[in-house]
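Have a look at the structure below, then the notes.
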Amino acid sequence: MQEKIIDDKILEKISLENVFKIFNDNVFPMLNDEEKAYCNELQTFCLDLHPKIDKSKDVYILFPELGKHGYMQRINKWRDFTPYGMKKEILLGTHLSLLDPQLELARLASGILCGNPTFHYYTHGGTGDTIQKVQDELMSGQKIGCIGITEPERGSDAVNMTTVATKTDDGVLYNGEKVYTTNGPKADYFCAYGVYNKEDPRSTMVQAMIKREFGVKTERLKINSVPRVHIAHTFFQNVRIPKDYILADDGLGYTRLFEGLVPERLGIMGSGIGICWSGLIYGIIYTNLRKQFGKPVINYQGVGYGLADLLTKATAATSLALQSATIYDDKILFADKPSKEAEKWVAGISSQGKYYTAKLTHDICYEVQQHMGGVSVTDNTPVDELMDVSKIEEVIGGARNIQLLLIQSQIQRYMRLL
Ligand SMILES: Cc1cc2nc3c(=O)[nH]c(=O)nc-3n(C[C@H](O)[C@H](O)[C@H](O)COP(=O)(O)OP(=O)(O)OC[C@H]3O[C@@H](n4cnc5c(N)ncnc54)[C@H](O)[C@@H]3O)c2cc1C
């Protein structure tokens, strides 16, 4: 803290421990015993790590701490870390956002966006040890991963990518550029997409795991709102990728890209839920203790009703995230035969939920700042950092309109039912 102006009695209550008390009161009734025990483990981990976090340092030094506990991701089973599944991943993302929202952003990019394709590779019949080694390095937090989909000229229109893949005797050659590659400047591995034929991206897309040492170059972008996360402009110039690093070839890259988007968007909901609760709970604690005109400011309707409105929305978003994750787990991830009906529903709900939750992170942080007053824009509370990270939530994983576009196309299909 550069300069303290907040009252000591209030400051001592603004603690992660207290955040968890209020979070648990609101969320634990929605969880079963196994899920509560898992959250308790996560909270012990977060309370232990919290005092060791130096906010003047990049988040990456914390990755091995996450890896030791199997917290780089929890959708898939890695080593003996249990429990796992989409609901556990949502709860992981939520807790890590409560702990350190910038760490959570970087963790999601490495553990889920880059890590998930390594699991999909084996579930789709991939063989050999190469990708297993990559997976182990990413999951242990020893190495850093990122995903390269977005290009300078292809943002929302991601499918029509211009990074060109060319077959060689022993693999593939990439030429092209990516942008906004979260973790890119620090990354050891780039899960990146290219196409053999720009005119026919769907049936020629490749998904490959690229080691930095294959020749990837990166330049860091200046993004003020997440200073502890490095985000890159990434260059592939005749980058040679050996065969065993190709995750999906000849158009299968396109299938894998879309297969990945659903769990990724559900996962982003987890990060968002954490930001919502974190901002809101700090606001609740502060406005209960801050007095003006002789009364706690929460007693004034302008403040209290506003927070009541935000609490309602945070609860609604949380219950949506948990319910969609439950359906994903029960009917898709752990089902003997994944339900087509559930797959269709979850694809739609992942867009709806990502759209709603990402926007809510921003609404909650902004409104909480107005309810708290001046202190909330200083570094005396964590709210301003949450506000900054909330700006990113709506852009990553597909911007607002792209989620709405997907939801709209679902609405149009309803005429077929009539
Ligand atoms: C901090 C940050 C981190 C990111 N991390 C990654 C990452 O790790 N890897 C990665 O590959 N990408 C990443 N992204 C990229 C992100 O997914 C894109 O920014 C996003 O897909 C939108 O692309 P764009 O920014 O080029 O906007 P554009 O596609 O240029 O869109 C501009 C505006 O037009 C709207 N728009 C575009 N098309 C339509 C349409 N058909 N209908 C209605 N509206 C439309 C958009 O919603 C937006 O409002 C990141 C972005 C940011 C800012």
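Remember, predicted model here, so these are calculated numbers, not experimental data. Atoms considered below: every heavy atom in the structure, side chains included; atoms not considered: hydrogens, waters and symmetry mates. In listed order, ligands and their atoms are each counted from 1. Throughout, numbering of the chain's residues begins at 1 and tracks the sequence.
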My understanding is that we take every heavy atom of each candidate and find the minimum distance to atom 29 (O) of ligand 1. Doing that for Ala399, Cys191, Ser156, which one comes out nearest?
Ser156
Heavy-atom distances under 4.0 Å decide this one: backbone, side chain, both or neither, for Ile231 against ligand 1?
side chain
Centres of the Phe258 and Tyr254 rings: under 6.0 Å?
yes
Hey, are Lys167 and Asp249 close enough for a salt bridge, meaning a charged N less than 4.0 Å from a carboxylate O?
yes
Counting only non-hydrogen atoms of the protein, does one fall under 4.0 Å from atom 14 (N) of ligand 1?
yes
Tell me, do Tyr328 and Glu89 make a side-chain contact under 4.5 Å, heavy atoms counted?
no
Option of least heavy-atom distance to atom 25 (O) of ligand 1 (set: Tyr193, Tyr180, Phe190):
Tyr180
Under a 4.0 Å heavy-atom limit, does Ile392 contact ligand 1 with its side chain, its backbone, both, or neither?
side chain
Examine Tyr122 together with His124 and report whether their ring centres are nearer than 6.0 Å.
no
Are any of the protein's heavy atoms under 4.0 angstrom from atom 37 (C) of ligand 1, yes or no?
yes
Between Leu113 and ligand 1, is there a nitrogen or oxygen pair with a distance under 3.5 Å?
no
How long is the straight-line distance from OH of Tyr282 back to OG of Ser278, given to the nearest 0.5 Å?
4.5 Å
Heavy-atom proximity to atom 23 (O) of ligand 1 ranks first, among Gly155, Ala106, Cys146, Ala187, for Gly155
Validation row, ring centre Phe23 to ring centre Phe28 under 6.0 Å:
no
Protein contact of atom 35 (C) of ligand 1 - nearest heavy atom, named by residue and atom, plus distance:
Asn401 ND2, 4.0 Å
Starting from atom 42 (N) of ligand 1, what is the nearest protein heavy atom, named by residue and atom, and what distance separates them?
Leu405 CD1, 4.4 Å
Roughly how far apart are Asp384 CG and Gln369 CD, rounded to 0.5 Å?
5.0 Å
What protein heavy atom sits nearest atom 9 (N) of ligand 1, and how far away is it?
Ile147 O, 3.0 Å
At what distance is the nearest protein heavy atom to atom 2 (C) of ligand 1, and which residue and atom is it?
Ile396 CG2, 3.7 Å
Suppose we measure from atom 40 (C) of ligand 1 to each protein heavy atom; which comes out shortest, and what is that distance?
Ile402 CD1, 4.2 Å
Can you pull out the closest protein heavy atom to atom 53 (C) of ligand 1? Residue, atom name and distance to 0.1 Å, please.
Val395 CG1, 3.7 Å
Beyond-backbone contact of Ile275 with Thr357, side-chain heavy atoms, under 4.5 angstrom
no
Quiz question for you: does at least one protein heavy atom lie closer than 4.0 Å to atom 48 (C) of ligand 1?
no
Taking distance alone, with no angle check, do Thr150 and ligand 1 share an N/O pair under 3.5 Å?
yes
Is it the case that the ring center of His95 lies less than 6.0 angstrom away from the ring center of Phe20?
yes
Determine whether Glu137 and Tyr189 satisfy the following criterion, side-chain hydrogen bond (donor to acceptor under 3.5 Å, both in side chains), listing intermediate values before the conclusion.
CA-CA 10 Å; Glu137 289 175 338; Tyr189 291 110; 2.5 Å; yes
Kindly say whether the aromatic ring centers of Tyr193 and Tyr174 come within a distance under 6.0 Å.
no
For ligand 1 and Thr182, I'd like to know whether there is a polar contact (N/O to N/O, distance under 3.5 Å).
yes
